[in-house]
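Whatever order the structure lists ligands and atoms in, that order sets their numbers, starting from 1. The first residue in the sequence is number 1, and the count goes up from there.
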Amino acid sequence: MKISESNFHCSVFDYKKFKNSNLPEFVFAGKSNVGKSTLINTLVNKKKLAQISKSPGKTKTLNFYLINKKFYFVDLPGYGYAEVSEELRKKWKTMIENYLKNSKNIKIIFILIDIRRGLDNLDLELINFCNYYNFRIIIIFTKCDKISKSKINEQVKKIIEQLNNDKIKIIPFSSKTKLNKIIILKLIENAINKSNNNNLQEKN
Ligand code: GDP
């Protein structure tokens, strides 16, 4: 799939304020600094669609980007800032959970993990939440250009053991080498086609 058009659509704190006309949503989640903005920018071939390295104290919102006028990329605020108060952290958590529970259009939640750091409790909490609500999740290991191929394989094995689940797809990615960019776009395309087919079947 080629992304020919991508535009910032809106930022909301409360998902109910977002008027989606039932277009599919693809969500990107992960801790701050994991490379979320960079991944979105790489997928859409733009340098600054998603803002890179936002400062942690700023107000966090759900950011929607309209892609090819057909679907949305949704940038979730990076969880796990050490610098913010417990109260603010709770607010963000509630905002994210309300969104995930209320949207009917989420097709895939991409959970980004820095390959050098691996999983921690905050990532696991999100993964468990997504599994509980039956979301399709895909784990993206970011910054794979920073370690060797054998170390990448080691980290993939480790996470499969930690998750105790070999059904979750794990994709190593690098914005520098564009490793697996095409595969991620293909997964998005397939999910859109599947959703279109389901909609057609429902209508017939
Ligand atoms: P976010 O907070 O998750 O949105 O993270 P950013 O996209 O702002 O990235 C944080 C930092 O990591 C920036 O300096 C990026 O240039 C860098 N970065 C992100 N992805 C990669 C990658 O795949 N390879 C390398 N080498 N650096 C990356």
> Does ligand 1 have an atom under 4.0 Å from some heavy atom of S174?
Replying inline: yes
>> Under 4.0 Å, heavy-atom basis, I'd like to know which part of D145 is in contact with ligand 1: side chain, backbone, both or neither.
In response: side chain
> Is there a donor-acceptor contact under 3.5 Å linking the side chains of N45 and K181?
Replying inline: yes
>> Holding to salt bridge (Lys or Arg N to Asp or Glu O under 4.0 Å), I want the full list of residues that pass it with K31, two or more places apart in sequence or in another chain.
In response: D120, D123
>> Can a side-chain donor-acceptor contact be found between Y133 and E97 if the only test is distance below 3.5 angstrom?
In response: no
> Under the side-chain hydrogen bond (donor to acceptor under 3.5 Å, both in side chains) test, which residues partner S195, sequence neighbours left out?
Replying inline: none
>> Does any N or O of ligand 1 fall below 3.5 Å from an N or O anywhere on T38, backbone included?
In response: yes
> Parallel under 30°, tilted from 30 to 60°, perpendicular over 60°: which one fits the rings of F18 and F64?
Replying inline: parallel
> Any nitrogen or oxygen of V34, main chain or side chain, under 3.5 Å from a nitrogen or oxygen of ligand 1?
Replying inline: yes
>> Less than 4.0 angstrom from a charged side-chain N to a carboxylate O is my criterion; do R116 and D114 meet it?
In response: yes
>> Could you tell me, atom by atom, which parts of ligand 1 come under 4.0 Å of a heavy atom of S175?
In response: 20 (N), 21 (C), 22 (C), 23 (O), 24 (N)
> Under 4.0 Å from any heavy atom of K36, which atoms of ligand 1 are there?
Replying inline: 1 (P), 3 (O), 4 (O), 5 (O), 7 (O)
> Looking at ligand 1, does any of its N/O atoms fall within less than 3.5 Å of an N/O of G35?
Replying inline: yes
>> My understanding is that we take every heavy atom of each candidate and find the minimum distance to atom 17 (C) of ligand 1. Doing that for K31, K143, K176, K178, which one comes out nearest?
In response: K143
